[in-house]
Amino acid sequence: MRLTRRSAIASALALSACGQGAKSQPAPAPIPPLKSLARFPIGCCVQERWLQEPDYADLLAEQFSQLTAEWEMKMEYILREDGGFQFDRPDSIALFAKARGMALHGHTLVWYAGEPEPFKKLDGKGAAFANAYRNYILAVVGRYKGQARSWDVVNEPITDDGERLRESLWSRNVGLDDHIIRALEHAREADPAAALFINDYHLELKPNKRATFMRLVERLLKRGAPLDGLGTQTHIDYDLPEGAVGAALKDLASFGLPIHLSELDISLGDRFVPALPGDRVKRQIAKYAEVAEAFMALPERQRFAFTVWGLRDSDTWLRGPSGQRPTDQPLLFDDAGQAKPTARVLADAFSRRA
Ligand code: 9MR
């Protein structure tokens, strides 16, 4: 079946209309596994403890073909206060991926938001800092060499206002552009086969942030840095203006590099009241259809992967302390693991021939 974008959105609206408040209706038919519909990996972020739940693990492996660790492959977990490494949970995520035939995307090596003690102690110590920086990247990328197909080498390099590069422990000690270039080089040294990404958010919401991100990409490429792809997280709201995601993907794709839609969720916004959804859920479903269509509009060779940031609504970071939206339902499966219309519209979009 070939759906136009408009008909995909219309079918999304129809689905949501019959889904709401229709408790006596039979349960909707299960969706086909998303991973079986797309020629690119369909990813999901995971926390190690959830992999112990058989229902979670089975749904995850049935639907998805790639994993990103939600936080346990970051320095905040791997690097202990005494400078030692802790690989138990990242290893078990990697083992799960291998056992279930799923790809692994590494996330993330360098992030302004994490400033671990062992590096703080080296602040201002020139070569000692630079050596520790290299050693960390070599150790982590080296450990998953041959398994991780890709890494977010530097996460969120651009400031919130979109105007400049973030200053951080890393940029202070290794240089503003240079800490990114060094990190890419070290990752390349550790695993020449892994595709290396920089990754950021609000590239669709804030065109000025996208422009700053793209100027960074230009500088990195001009200096010969081993940058292989661009990650656009896509944490968006149901009322993001139409066309914003498509415009971002088109601009980012202009470098010819693969694009990872790397952390998709579509929030129902502040103070969402599930009993009184208004038109938010319908618009969210239509937005999922729009995002999937925009990704499918990329040249096939640039569709690196399409990753959602959580499996069930109950798993979302948006309900937690940093999201502060305790009633949000931003994902593809409900709290009980049932596919929602948001999953169905992705299945429709991915089934289309490109
Ligand atoms: O969803 C993640 C949350 O569980 C972690 O506590 C947090 C800190 O590690 O990171 C969240 O994931 C972020 C991702 O790594 C980078 N982009 C924004 C994501 C949501 O905050």
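For ligands, and for the atoms within them, numbers begin at 1 and follow the listed sequence. Position 1 is the first residue of the sequence, and the numbers go up from there.
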Colleague: Please confirm whether the backbone N or O of R164 pairs with a side-chain atom of T212, one donor and one acceptor, at under 3.5 Å?
Modeller: no
Colleague: Below 4.0 angstrom from a heavy atom of W71, which ligand 1 atoms are there? Numbered from 1 as shown, please.
Modeller: 9 (O)
Colleague: Below the 3.5 angstrom mark, is there an N/O of S322, backbone or side chain, next to an N/O of ligand 1?
Modeller: no
Colleague: Tell me the protein heavy atom at minimum distance from atom 7 (C) of ligand 1, and give that distance in Å.
Modeller: K74 NZ, 3.7 Å
Colleague: What is the closest protein heavy atom to atom 19 (C) of ligand 1, and at what distance does it sit?
Modeller: E263 OE1, 3.4 Å
Colleague: Return the set of residues passing side chain to side chain contact (heavy atoms under 4.5 Å, CB included) with S171 (not counting sequence neighbours), or none when no residue passes.
Modeller: E167, S168, L176, H179
Colleague: Side-chain heavy atoms nearer than 4.5 Å, only ILVMFWY residues, links allowed to pass through others: does that put I285 and L240 together?
Modeller: yes
Colleague: Around atom 3 (C) of ligand 1, find the nearest protein heavy atom and jot down its residue, atom name and distance.
Modeller: E70 OE2, 3.7 Å
Colleague: Can you confirm, on distance only, whether ligand 1 has an N/O atom lying under 3.5 Å from any N/O atom belonging to W111?
Modeller: no
Colleague: Polar contacts were defined as any N/O atom of the residue lying under 3.5 Å from an N/O atom of the ligand; does this apply to W317 and ligand 1?
Modeller: no
Colleague: Check ligand 1 against Q233 and write out every atom of the ligand that is under 4.0 Å from a heavy-atom position of the residue.
Modeller: 16 (C), 17 (N), 18 (C)
Colleague: So, for atom 15 (O) of ligand 1, does the protein have a heavy atom nearer than 4.0 Å?
Modeller: yes
Colleague: Do R325 and D237 sit within salt-bridge range, that is, some charged N less than 4.0 Å from a carboxylate O?
Modeller: yes
Colleague: With heavy atoms only and a cut-off of under 4.0 Å, state how Y201 meets ligand 1: side chain, backbone, both or neither.
Modeller: neither
Colleague: With a 4.0 Å cut-off on N to O distance, would you call D178 and R223 a salt bridge?
Modeller: yes
Colleague: Verify whether one side chain among D152 and H105 offers a donor that lies under 3.5 Å from an acceptor in the other.
Modeller: yes
Colleague: Any chance CD of E81 has more than 12 other-residue heavy atoms, nucleotides or ligands included, within less than 6.0 Å?
Modeller: no
Colleague: Starting at CZ of R312, measure out to CG of D335 and round the result to the nearest 0.5 Å.
Modeller: 8.5 Å
Colleague: Please work out, at 4.0 Å between heavy atoms, whether the side chain, the backbone, both, or neither of N155 comes within that distance of ligand 1.
Modeller: side chain
Colleague: What residue and atom, counting heavy atoms only, is the protein's closest point to atom 12 (O) of ligand 1, and at what distance?
Modeller: W309 NE1, 3.3 Å
